[in-house]
Amino acid sequence: MTSPLSDTTIFEAKDLECIRDDRVLFSGLCFTVNPGEALVLEGRNGSGKTSLLRILCGIRLPESGQLLWNGEDIFRLGPEYHEHTAYLGHKDGSKLDLTPLENLRVARGFGKAKAGITLEEALDQVGLYGFEDVPTRNMSAGQQRRLAIARLLVTDAKLWILDEPFTSLDRKGIEHMERLFEAHLQSGGMAAMTTHHRIGFKEAVKLVRINLSER
Amino acid sequence: MGSPRYFYHVAGKMIPWFAISFLLTLIAGVYYGLFVAPPDYQQGESYRIMYIHVPAAWMSMFIYIVMAVAGVISLVWRIKITEITIISSASVGASFTFLALVTGSLWGKPMWGAWWVWDARLTSELLLLFLYLGIISLYSAIEDKRVAARAISILALVGVVNIPIIHYSVEWWNTLHQTSSVTITGKQAMPTSMLIPLLLMGISFKLYYGAVVLMRARAEVLERDRNTRWVRELVEGEIK
Amino acid sequence: MSTLSLTSAFTLLLKRDLVLAYRRRAELVNPVLFFVLVTAMFPLGIGNDAKLIQAVGPGVIWVAARLAALLSLDTMFRSDFDDGTLEQFMLSAHPISVLVLAKILAHWMITGLPLFIAAPLLAMMLNVPSDAIPTLMLTLVLGTPTLSLIGSVGVALTVGLRRGGVILSLLVLPLYVPVLIFATDAVKTSIVGIPTSAQISILAAMLIGSLVLAPLATAASLRISLS
């Protein structure tokens with residue numbers, strides 16, 4: 001594991017502009033995320049938080065501006081950039097007809113597999129021990145969300161892009177997931193996230209806050 | 001041409017020129033075609049519908065190619081004006097295709113004794129009409145118009161790759177199944193007196209397309225940029 | 001551990017789709033059932049004239065195959081789009097066009113292969129002479145993957161739309177015409193006993209062409225649909 005200090009990975013946005021349905025959601029947006037830091041997006045509904053996260057993923061194109069991963073344009077990097085990212089969107093991205101284990105196997109195959117963690121251990125970490133072979137369809141919404149979070153753990157992605165990661169989780173679950181995110185950041189990871197929930201990180205984690213409706 | 005505002009003003013100045021030269025070539029072409037050109041020794045007077053049918057068929061292909069070229073430019077450089085060109089051209093292209101079909105069918109009635117014959121050209125035109133309609137309906141179904149423009153760019157490209165194959169296959173099919181059919185435009189060289197009005201009409205149709213596509217593109221630019229300052233100022237100026 | 005090789009990612013996705021299809025195996029029959037039903041309707045519509053049925057047989061089989069392919073086309077990306085797994089493909093460390101090819105292959109194995117197996121039976125029902133059946137099978141094995149490949153572009157463009165079905169058929173059916181023409185022509189020619197290598201080569205060329213171009217166009221279209 002690289003130490004946060006020696007790691008010089010940097011994720012930058014320069015002058016991002018996003019237009020949806022002929023309406024400017026934001027423009028001139030700049031920020032920098034370093035290892036160990038989390039970008040937290042705030043703003044009312046419809047202010048463009050999800051659109052921004054989808055731009056960060058490289059799914060959506062910005063109207064103008066650049067996103068640089070270590071100084072290189074992410075849209076030019078393509079799959080090379082995606083090796084370093086994991087995305088948790090509104091939709092869980094799991095197949096209901098597959099078991100959690102099968103879902104994780106596919107997820108790991110699509111990204112860069114992480115050394116030193118088995119799929120079972122990842123399920124255990126999100127509190128799904130014993131659910132390995134239950135069809136995902138039969139699990140509750142909260143459990144399905146946990147499975148989606150387990151997907152983040154099995155790949156070696158540095159940048160986690162999280163869109164309302166705590167949806168359908170109970171209070172205990174939220175606390176538990178916060179510990180996981182914290183551990184990711186402490187080990188030199190980065191995150192970009194939106195949440196309505198106030199994040200309670202125990203350790204000192206540098207949060208880069210951007211409020212999209214007050215710009 | 002990059003900025004919509006610049007385009008709006010330049011296009012506004014160009015439209016009258018296109019419109020006037022369209023009218024002049026149209027009058028000349030119609031006069032030549034109907035009164036000067038001699039009747040055909042086989043088809044008599046009915047061949048004169050060619051002066052609409054053939055240029056319309058040319059336009060149906062020409063506009064599709066324009067759309068595909070604009071599609072490549074939009075996909076690679078994401079230029080707004082070319083995106084707007086595609087959708088502004090689509091319905092004009094569809095209308096020309098429809099015109100080619102109707103005139104072809106009118107022309108076919110005295111020649112084949114039927115309103116519709118599965119002639120290779122007509123069948124290709126019909127399929128082309130479907131391609132145009134596909135582009136128009138896909139564009140109207142996607143709500144975010146910038147996304148829609150990129151989607152139809154791809155569709156126009158896929159179409160332009162397929163059109164030669166479709167045309168070739170239809171011709172193959174036609175020669176096998178309808179060896180007896182008469183081709184509309186004879187293979188023999190056309191006398192110059194018949195050719196001149198055809199070329200005049202061809203130029204006239206292209207000028208018409210130029211004028212109409214600019215008008216439609218201007219309207220589209222205004223609608224897309226309705227939230228920007230320059231459009232507001234423009235509209236306020238008009239009201240005063 | 002690191003990134004999977006491209007081939008393993010391809011097989012992983014192919015396997016996933018086949019497993020998913022197997023878990024919903026009751027739905028596998030639907031395209032074939034549709035294919036058989038449409039074909040069986042034709043003789044009822046045109047009358048019990050053996051000569052006439054034989055004359056239209058190859059065309060009917062191909063039109064029905066085309067409609068069955070169209071009907072099942074929409075399922076290619078639909079469920080992946082709905083549950084968010086399609087987004088995850090877009091963020092994969094592998095080129096999207098290769099993953100798209102795996103999905104198209106899986107889709108063809110699930111929906112196209114059963115048509116291929118049912119076709120000889122239907123050909124016999126329509127009085128297609130048994131000498132022409134190998135040619136029919138050959139056209140199906142070359143033609144139906146082309147239909148899936150071309151169709152994938154249309155599906156990718158319409159997957160985000162609520163009522164994409166009608167638009168999909170408008171986009172895709174005109175593009176299916178060349179395959180239809182050369183395939184039925186090959187079968188008809190072989191009934192008469194003339195060699196069909198020209199048509200077969202053209203069908204093969206169209207398959208290769210679409211194999212190269214369609215995944216790229218589909219990947220680009222999916223990106224647009226998801227943005």
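Letters A, B, ... mirror the listed sequences (proteins, then strands); counts begin at 1.
- Taking all atoms of both residues into account, the shortest heavy-atom contact from Ile59(A) to Ser227(C) is O-CB, 3.7 Å.
- Contact of Leu222(C) with chain A is not made at all, since no heavy-atom distance falls under 4.5 Å.
- Residue Arg76(A) places its CZ atom among 12 or fewer non-hydrogen atoms of other residues, nucleotides or ligands, all under 6.0 Å distant.
- In terms of non-hydrogen atom pairs under 4.5 Å with chain A, the most contact-rich of Ala9(C), Gly84(C), Ser79(C), Ser92(C) is Ser92(C).
- For Lys91(A), the NZ atom sits in a packed shell: over 12 heavy atoms of surrounding residues, nucleotides or ligands are nearer than 6.0 Å.
- Considering only heavy atoms from C-beta on, Asp80(C) comes within 4.5 Å of Lys95(A) through its side chain.
- Residue Ser8(C) does not touch chain A at all, counting heavy-atom pairs closer than 4.5 Å.
- Using a distance-only test at 3.5 Å, with no hydrogens or angles considered, no donor-acceptor pair links the side chain of Gln88(C) to the main chain of Ala86(A).
- For the pair Leu13(C) and Phe110(A), the minimum side-chain heavy-atom distance is below 4.5 Å.
- A 6.0 Å sphere centred on CZ of Phe75(A) holds more than 12 heavy atoms belonging to other residues, nucleotides or ligands.
- A donor-acceptor pair under 3.5 Å is absent between the side-chain atoms of Arg105(A) and the main chain of Leu12(C), judged by distance alone.
- Counting heavy-atom pairs closer than 4.5 Å to chain C, the top residue among Asp92(A), Thr85(A), Leu98(A) is Leu98(A).
- Looking at heavy atoms from C-beta onward, Leu61(A) lies out of side-chain contact with Arg223(C) at the 4.5 angstrom threshold.
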